[in-house]
Trainee: 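What follows is a structure written as structure tokens; I'll ask about it next.
Chain identifiers are assigned alphabetically (A, B, ...) following the order of the sequence lines, protein sequences preceding nucleic acid strands; residue numbering begins at 1 within each chain.
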There are 2 protein chains.
Amino acid sequence: MTLVKEWKLPKEDLQRAGLQRGVGVALWRQIADGIRAGLANDLADETGRLPPESELALSFGVNRHTVRAAISALAHEGVLHSVQGRGTFVRRRKRLVYPIGARTRFSAGFDGQARDRQSELLDHGQEPASSQVAEALGLGTGEDVLRLETLGKADGMPISRATSWFSATRFPTIVETYRETKSITASLALLGVNDYLRASTGVEARHADEADTNELQLSPGAIVLVTRALNVDPDGAPIQFSFTRFPADRVELVIDTMRAGE
Amino acid sequence: MTLVKEWKLPKEDLQRAGLQRGVGVALWRQIADGIRAGLANDLADETGRLPPESELALSFGVNRHTVRAAISALAHEGVLHSVQGRGTFVRRRKRLVYPIGARTRFSAGFDGQARDRQSELLDHGQEPASSQVAEALGLGTGEDVLRLETLGKADGMPISRATSWFSATRFPTIVETYRETKSITASLALLGVNDYLRASTGVEARHADEADTNELQLSPGAIVLVTRALNVDPDGAPIQFSFTRFPADRVELVIDTMRAGE
DNA sequence: CCGAATTTGTTCGTATGTATC
DNA sequence: AGATACATACGAACAAATTCG
């Protein structure tokens, strides 16, 4: 027996609205996601007001109770906001833009988009380089590297979670300098690297795992954008290899391609 | 009289595994996502074999049935593959790399990574520009634009779904030329644009909606990477504005930052 | 080749959550 | 609000295929 069965055809209304029963996601959650997506288009009017619940129920082809469950979840997430007698409204918060280019500086990434930015050292350690890290940094497998785990916040909300590796022989005190300066760029400058460039950036997207969920304050099923970046000094020698996780609903990456090499 | 056994929720186990009940996403789907994420690490051994269902159930803190539902879903997606008496195995398929830079050409994107590449025109139409499209292409809101919906395949598997807009006055016959050449680059060349550059690329990630699910052959809960791109001619005049959706488990974006401007 | 251990596949039953009417 | 049906999850078997000593 298959637990994911072939169910009876759902009502045409559900199909039309793109909803499905028995796929492991409750209708109200699918509708919540649908409303969230709709906000990017023209679901809400100029004043940020959504259509009445009865109308939404009709267009999604479900009972009004189901729409209410979806709205309640979104209200709990801080996306919507209902007022009895008036309607349901969007609480708009812009997605932060993280620019990527040869001059990408982590510390400057979200400049001017949030009142308050913080960086936090969560963990660090010295360890033999994995094959991936060794290859990226041009070291032998098993040579020692220093690992830094950092959390970035904007206005108190976690927006990035980075794991970075540095050669332990070239930057033996990077942990201490980072603790003082709270900045990779400043730390590298103290250690004699006055300039560096972003050589390449890989971008993937995946579901948040447990660590992401905890550290970035996400709900299960949330999506993280993962960048895999290599920074090199002006001579082209690898300096820093890092993975950074961004909550996909709070952050957008922008590659200014034509100026990327400047 | 029958004693009704009361099963206590092993809440601690669930929390340890990062699962939650009652959030509108079934446990089996959360576990499916967990397994998918685990494959990137060391969930499967060298031979691609996963731990037995009973062991997974223990580590996730759920019943074996629940793990089976998750595995069944992943098997249906083509990620896993179970054999009675032997175990459950990973069906490994490399993720395609889509490079992004100033010289990004859609047609050349996946060159050399697949034996067979196809492009398909799904739909097209003429319509007044939305405010977003108008702003990107430097047109007045409501000026007519031509919209092309295309599907990209590699070895028969859908890998991209693009919606592109062009000025209807500057490129009135773009649909016909595309139908002939099956290539945006070639179409533009026929219409007098011998060269163009990728000005900027925005990257977001979100859950697949119904259209994505159908057209890209995804399962619900799957993730799509969405790029928002603007191409300009050598004079800097906007030519093409497009949204492209990539299945996140089949495609990875790579920005070769230092050569991006070449 | 035999038989035991391992692992996936199947079928009961029961309880709880979700959605409709 | 209550009745009904479907969906999710747990528990305890047992069957069938594979592996291995």
Trainee: Mind calculating the distance between CD (Gln30(A)) and P (dA7(D)) to the nearest angstrom?
Mentor: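 Whole-Å distance recorded here is 12 Å.
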Trainee: Would you list the pairs meeting salt bridge (Lys or Arg N to Asp or Glu O under 4.0 Å) in which at least one residue belongs to residues 129-139 of chain A, sequence neighbours left out?
Mentor: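 Qualifying pairs, neighbours excluded: none.
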Trainee: Just the atom pairs and distances: protein N or O near nucleotides 1-6 of chain C's N or O, under 3.5 Å.
Mentor:
none

Trainee: Using side chain to side chain contact (heavy atoms under 4.5 Å, CB included) as the criterion, list what pairs up with Leu151(A), not counting sequence neighbours.
Mentor: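 Partners of Leu151(A) under the side chain to side chain contact (heavy atoms under 4.5 Å, CB included) test: Glu120(A), Leu122(A), Lys153(A), Pro158(A), Arg161(A), Leu216(A).
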Trainee: Below 3.5 Å is the cut-off: list the nitrogen or oxygen pairs between protein and nucleotides 1-3 of chain D, distance only.
Mentor:
none

Trainee: List the residues meeting side chain to side chain donor-acceptor pair (under 3.5 Å) with Ser242(B), not counting sequence neighbours, and say none if there are none.
Mentor: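 In terms of side chain to side chain donor-acceptor pair (under 3.5 Å), with neighbours along the sequence ignored, Ser242(B) is linked to no residue.
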Trainee: Residues two or more places apart in sequence or in another chain: which of them pass ring pair (Phe, Tyr, Trp, His ring centres under 6.0 Å) with Phe243(A)?
Mentor: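 By the ring pair (Phe, Tyr, Trp, His ring centres under 6.0 Å) rule, Phe243(A) matches Phe241(A).
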Trainee: Report the residues that fulfil side chain to side chain donor-acceptor pair (under 3.5 Å) with Thr227(B), sequence neighbours left out, ordered by chain and then residue number.
Mentor: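 Counting only residues at least two positions away or on another chain, Thr227(B) forms no side chain to side chain donor-acceptor pair (under 3.5 Å).
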Trainee: Picking from dA9(D), dT20(C), dT8(C), which would you name as closest to the side chain of Ala26(B)?
Mentor: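 Ranking dA9(D), dT20(C), dT8(C) by closest atom to the Ala26(B) side chain puts dA9(D) first.
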Trainee: Could you work out, with side chain to side chain donor-acceptor pair (under 3.5 Å) as the rule, every residue matching Thr47(B), not counting sequence neighbours?
Mentor: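 Per chain and number, Thr47(B) pairs via side chain to side chain donor-acceptor pair (under 3.5 Å) with Asp45(B).
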Trainee: dG11(D) P sits how many Å from Arg68(B) CZ, rounded?
Mentor: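 Taking CZ of Arg68(B) and P of dG11(D), I get 16 Å after rounding.
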Trainee: Looking at residues at least two apart in the chain, or sitting in another chain, which of them share a side chain to side chain contact (heavy atoms under 4.5 Å, CB included) with Asn214(A)?
Mentor: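 With neighbours one apart ignored, the set is Glu210(A).
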Trainee: Which listed nucleotide (dT18(D), dA16(D), dC10(D)) is nearest to the side chain of Arg86(B)?
Mentor: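 Of the candidates, dT18(D) comes closest.
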Trainee: Less than 4.0 angstrom between a side-chain N/O of Thr88(B) and OP1 or OP2 of dT8(C), yes or no?
Mentor: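 Result: yes.
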